[in-house]
Amino acid sequence: MDKLKQKFAEKAAPMAAEIKTIIKEHGDVVLGDITIDKVYGGMKSMIGMVTETSKLDAVEGIRFRGYNITELREKLPKAKINGKEPLPEGIFYLMLIGELPTPEQVYELSDEWAKRSAVPQHVYNMLDSLPKNVHPMTQFSMAILALRTESVFSASYDKGLNKKDYWDATYEDAMNLIARLPRIAAYIYRRTYFNDKPAEPDPTLDWAANFAHMLGFSNNDFKRLMRLYLTIHADHEGGNVSAHATHLVGSALSDVYYSFSAAMNGLAGPLHGLANQEVVKWILQLREELGGGLPTKKQIEDYVYKTLAQGKVIPGYGHAVLRQTDPRFTAQQEFVKRYIGQDDLCDIVNLVYEVVPPILEATGKVKNPWPNVDAHSGVLLIHYGMTEYDFYTVLFGVSRALGVLAQLIWDRALSHPIERPGSVTTEWIKNKIASVKGTAKA
Ligand code: AMX
């Protein structure tokens with residue numbers, strides 16, 4: 001058993017016992033109210049599941065096992081040479097184990113993922129059979145499904161896997177998939193836009209830097225950006241579409257490959273992860289309409305009103321839970337200050353940040369007028385030469401695996417059961433209103 005797995009096993013057994021006691025002794029404690037507006041309103045903020053890896057505060061933003069992004073940038077281990085940004089291996093360790101890792105523990109994880117990263121040829125053959133205009137997220141999700149031939153859980157289950165070992169096989173699948181995702185993503189990137197193959201992996205590099213290298217980027221600051229990017233997109237508690245999809249599909253004992261492919265199909269929606277490509281499209285179109293250069297605030301204002309009048313959302317703004325500027329947006333602004341300095345598109349992002357919130361606030365209906373993570377990420381990639389914006393959600397997806405798969409291992413270790421919430425019809429709701437309020441049917 002590898003050291004990380006051993007450490008997880010030591011944590012998981014007492015936690016599973018503790019949860020059994022909580023349910024037995026306090027199972028009747030009421031956690032919240034379910035109201036009609038919530039049932040029709042996407043279940044926002046309705047407590048309905050347990051996620052150990054991270055917790056989102058509406059104002060303060062995300063905390064991973066209690067640490068916010070600023071703290072993580074300082075405390076998580078860095079690359080051996082010239083390391084300034086956290087290594088995503090560290091946030092995976094933190095989310096899985098619940099403790100900050102030492103640098104040695106993080107370097108061991110880099111080595112472990114490098115060892116597990118070989119992708120079987122049939123996955124590449126499947127990708128090669130697809131036309132180049134298949135969206136990169138579709139290719140990504142299909143490749144993850146094609147990799148299912150390697151599922152340890154599925155093979156063991158067929159042979160009669162004991163319930164108490166579900167987490168062990170899920171751990172193996174999660175580690176193998178995370179190790180392979182950068183290779184698959186780099187393959188999709190190179191085949192789709194350059195008609196060639198990724199650079200050979202360099203096992204001496206950490207997970208994120210090796211990903212940058214395979215994508216074809218040698219710039220050290222781009223490697224730093226990848227480390228930060230893959231860290232800050234990793235998790236956003238359990239209710240967002242990609243995390244919830246992983247948990248839901250996994251609750252049927254569908255393996256890691258089925259569950260994570262489902263997550264990626266959700267991340268590919270424009271209200272979730274695809275917003276990162278939509279932001280860049282929207283900004284580039286603004287520039288094109290104005291004939292290039294830096295737009296004035298008035299020009300941005302007109303463009304925002306025009307977008308709203310067309311019945312479209314302002315991409316990168318708003319959030320189902322957050323009610324303040326996303327700290328992941330702020331972390332990217334700080335990255336610009338630290339490594340980039342002046343950049344036209346980053347300047348436009350800052351101008352948009354000044355213009356959009358008051359306009360959205362004035363609509364009277366947008367609950368959060370502030371930017372989310374996607375409002376910034378694309379222009380950073382363009383700065384370093386990755387201009388192919390319909391690939392951006394794949395990068396988000398590679399990172400999201402860290403959080404949702406750490407949680408899926410916990411789901412199996414804690415024996416979370418199959419998920420099956422109740423649903424009602426509008427007729428049922430009308431009858432309920434009549435019985436509660438004593439009025440005739442609405
Ligand atoms: N631009 C215009 N209108 C917006 C808006 C935006 N950025 N954000 C919310 N609204 C509108 C909604 O469409 C809704 O309008 P309606 O009543 O006419 O249907 C109204 O404001 C109320 O919505 P809400 O309660 O504030 O938001 P929500 O929880 O339903 O949705 C989100 C949240 C993120 C989907 C929404 O803010 C949005 O569409 N934002 C733009 C897309 C985006 O950036 N998505 C990425 C989110 C982060 C991520 O997952 N990666």
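First listed ligand is number 1; within each ligand, the first listed atom is number 1. Numbers here simply count residues along the sequence, with the first being 1.
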Looking at [atom], tell me if a protein heavy atom falls under 4.0 Å from it.
| atom | answer |
| --- | --- |
| atom 31 (O) of ligand 1 | no |
| atom 14 (C) of ligand 1 | no |
| atom 18 (O) of ligand 1 | yes |
| atom 41 (C) of ligand 1 | yes |

### Query
Can the ring centres of F194 and Y189 be said to be less than 6.0 Å apart?
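They qualify: ring centres under 6.0 Å apart.
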
### Message
Please report whether the ring centroid of Y303 lies less than 6.0 Å from that of W282.
### Response
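Close enough - the centres of the two rings lie under 6.0 Å apart.
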
Got the closest protein heavy atom to [atom], with its distance?
| atom | result |
| --- | --- |
| atom 50 (O) of ligand 1 | H272 ND1, 2.7 Å |
| atom 16 (P) of ligand 1 | K365 NZ, 3.7 Å |
| atom 48 (C) of ligand 1 | D374 OD2, 3.6 Å |
| atom 27 (O) of ligand 1 | H319 O, 4.6 Å |

Given [options], which one has a non-hydrogen atom that is nearest to [atom]?
| atom | options | result |
| --- | --- | --- |
| atom 7 (N) of ligand 1 | Y317, W370, F396 | Y317 |
| atom 28 (P) of ligand 1 | K367, H236, K44 | K44 |
| atom 5 (C) of ligand 1 | V356, V366, V321, N240 | V366 |

Please classify the [X] to ligand 1 contact at 4.0 Å (heavy-atom distances, strictly less than): side chain, backbone, both or neither.
| X | value |
| --- | --- |
| V313 | both |
| V241 | neither |
| L271 | both |

### Task
Tell me yes or no: between the side chains of T35 and D37, is some donor less than 3.5 Å from an acceptor?
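Yes.
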
### Query
Using a distance-only test with no angle check, is there a side-chain donor-acceptor pair under 3.5 angstrom linking R400 and S242?
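S242 and R400 do have a side-chain donor-acceptor pair below 3.5 Å.
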
Pair [X] + [Y], salt bridge at N-O below 4.0 Å:
| X | Y | value |
| --- | --- | --- |
| E112 | R116 | yes |
| E289 | K306 | yes |
| K298 | E301 | no |
| R65 | E99 | no |
| R148 | D255 | yes |
| R227 | D206 | yes |

Heavy-atom contacts with [X] under 4.0 Å: which atoms of ligand 1 show up? List them by number with element.
| X | value |
| --- | --- |
| L308 | 2 (C) |
| I314 | 1 (N), 2 (C), 6 (C), 7 (N), 41 (C) |
| G316 | 43 (C), 44 (O) |
| A275 | 43 (C), 44 (O), 45 (N), 46 (C) |
| G318 | 34 (C), 37 (O) |

### Message
For the CE atom of M214 and the CZ atom of F211, what is their distance to the nearest 0.5 Å?
### Response
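That separation rounds to 7.0 Å.
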
### Message
Within 45 degrees of the ring normal and closer than 6.0 Å to the centroid, is that where the cationic atom of R338 sits relative to F335?
### Response
no

